[in-house]
Amino acid sequence: MRGSFWRETVIVFRRQLRMALRNPAWVIIGLVQPILYLVLFGPLLEPIAAQLGAQNAYTLFVPGLLVQLGLFGALFAGFGLIAEWRAGVIEAERVTPASRTALLLGRILRDVLQLFVQGIVLIGLAFLFGLTGSILGMVFGLILTVLLGAACAAASNALALTTKSEDVMAPVINSIALPVLLLSGILLPMTMGPQWLQTVSDFMPTKYIVNAIRELFLGNFFTLTTMWGVIWTIVLFALGLYVGTRTFRKENA
Amino acid sequence: MIHARGLARTFAGRGKGKEKVEVKAVAGVDIDVAEGEIVGFLGPNGAGKTTTLRMLTTLLKPTAGSATVAGFDVATQSQQVRRSIGYVSQSGSTSPEARAGEEIMDHGMLYGISKQQAEARGRELFGQLDLEGLWTREPRAMSGGQRRRLDIAMGLVHDPKLVFLDEPTTGLDPQARANLWTHIADLRTNLGSTVFLTTHYLDEADALCDRILVIDHGTIVASDTPDALKRQVSGDLVQLVVGDTEQAARTAELLGGIADAELTTDGAGVSARVRESGTKIAGLIRELDAAGISLESLEVRRPTLDDVFLDLTGRSLREDA
Ligand SMILES: Nc1ncnc2c1ncn2[C@@H]1O[C@H](COP(=O)(O)OP(=O)(O)OP(=O)(O)O)[C@@H](O)[C@H]1O
Ligand SMILES: [Mg+2]
């Protein structure tokens, strides 16, 4: 790829990050979110984990939270883009010779960085609560989360640029996020549910990703579950980037 | 610098209820702009100025026709076109929460110029456009006119050879407007730039442009120098006020002898369009004197572009549209 591509990506990324860091709400909410989940929700899950035969409640719970952070944080990333579009920033950037993909990628990288930091805070804090497991697995789990987040951010940006309206986008995002959240076994494993619910959840790619991250946390790198999760992550990542890039390239978006 | 042939754009709009209607924003325009020219694109709201500019700047695909800008085809060589032009959009280009100086530097750097260069040129433009001291200000904390000037600085930071300005002076006070006119004229003098700008303001087009394209309902209805366009109107408007209505009738007869159009009488007032009135007025005054008509006032108004516009489209171009 052209050398200028990375330069342009960095320019866009730096601009996004600079503005985000200057917004204290963005920083505080970003950090408090994982902490709240862990502190307020974790204790409820400990007895259930024992029931499920899990050695450590947090190897069950933290992967779910990771994916949730990835999905939700990133899916809402597009709202910022609508505001930028309205201010004329997108058009101003599109009239420059900068690569359209770089304009998208710079933005996604900021969301990915946010997710990465949140993930580290979450995992680090979980150790204090008693998380044990494979450190290397956790690193891989975090990578899967970040890739999934990148896919969601790309899709969200594409949706934002297509609809150009918060009022259209919010219901769409919500109607996607809710079933995904419920059917991926993010907070509780799907194996707790009745058969029909499990069957439905088999169609949810994110379920495989959550399961894979759980496996990775336990140090199981070479299992079928892990493999499916990795495959689905890569598929979603490629799909998200493809859709996002295509939308950004469209001449009149 | 710009050559467009049959450039057109239709939008899929929505009529009453669900029926689909097509909005012909630009209905096939031919545009030719030579290097170093300052050309004004004049037209009322909704005439298709912005749409044309967005097609020429590769932001919008034409539905028909073709255009080359700075020697490159807008459809197939958009990258090269973008490299050669600067664009100031009608509706802003900066985030309200960003900082002015950083916005302009990032923008310059996306054109490939170095950080130092972008900063130097940015600060220079801030000075020239009366934005001193606003380098670290957030656009949301700037006045409308300051924001407008920031937009203009953004479009010029990389010293483009060809500049598109979409209503650059809307929202500027008279002084800032005059300052910007000087600045735009300097772009050509100092950098040899070509400027294509849209405006509602006739005086602006008159003062600034070598050539004016008048657009209405998506078609170009005139293209000429400001002077030649003004010459199209049948003469200067000569307005006389005399002692009473009786004298007015006699005056109308005399004025009718030299009038070319629009001879009207209104009470004690008489007016008409007279070509080259300068050479004919003296004779008229002598004749009025000889007829014993007391002349209360005499006014001669050179045709404005507003008159031209009225002539061309049958509609008046509102100054503050
Ligand atoms: N995205 C769009 N979708 C549908 N119609 C559009 C769109 N953009 C412009 N139009 C229509 O095309 C016509 C020309 O619009 P354009 O913005 O080019 O006018 P303009 O000459 O720039 O006017 P103004 O002086 O108000 O800026 C208008 O009737 C407008 O409503
Ligand atoms: Mg316009």
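Chain identifiers are assigned alphabetically (A, B, ...) following the order of the sequence lines, protein sequences preceding nucleic acid strands; residue numbering begins at 1 within each chain. Note: hydrogens, waters and symmetry copies are ignored here, and every other heavy atom, side chains too, is used.
- At a 4.5 Å heavy-atom cutoff, the contact between Ser95(B) and chain A is made by backbone and side-chain atoms alike.
- Under the ring pair (Phe, Tyr, Trp, His ring centres under 6.0 Å) criterion, Phe217(A) pairs with no residue at all, not counting sequence neighbours.
- When the heavy atoms of residues 133-148 of chain B are compared with those of chain A, none of the residues falls under 4.5 Å.
- Rounding to the nearest 0.5 Å places CZ of Arg246(A) at 9.5 Å from OG1 of Thr162(A).
- For Ser89(B), the part lying under 4.5 angstrom from a heavy atom of chain A is the side chain only.
- Ser184(A) and Thr206(A) are linked by a side-chain donor-acceptor pair at a separation below 3.5 angstrom, with hydrogens and angles left out of the test.
- Remark: the backbone N or O of Thr10(B) is not paired with any side-chain donor or acceptor of Glu22(B) at under 3.5 angstrom.
- The stretch residues 58-112 of chain B participates, sequence neighbours left out, in these ring pair (Phe, Tyr, Trp, His ring centres under 6.0 Å) pairs: His107(B)-Tyr111(B), Tyr111(B)-His158(B).
- In this structure, Gln68(A) and Tyr37(A) have side chains that are in contact, with non-hydrogen atoms separated by less than 4.5 Å.
- Of the possible donor and acceptor atoms, one in the side chain of Lys161(B) sits under 3.5 Å from a partner among the backbone N and O of Leu191(B).
- Heavy atoms closer than 4.5 Å to chain A are found in the side chain of Glu103(B), but not in its backbone.
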Query raised in the report: Could you walk me through whether Arg121(B) and Glu124(B) pass the salt bridge (charged side-chain N to carboxylate O under 4.0 Å, His left out) check?
Result: CA-CA 5 Å; Arg121(B) 184 68 180 126; Glu124(B) 192 184 346; 3.4 Å; yes

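- Thr198(B) has its side chain out of reach of Thr50(B): every pair of non-hydrogen atoms, C-beta onward, lies at least 4.5 Å apart.
- Side-chain contact between Met109(B) and Arg15(A) is absent, with no heavy atoms from C-beta onward closer than 4.5 Å.
- Side-chain polar atoms of Gln16(A) and Gln114(A) form no donor-acceptor pair below 3.5 angstrom.
- Contacts from residues 139-152 of chain A to chain B, taken as heavy-atom pairs separated by less than 4.5 Å, involve no residues at all.
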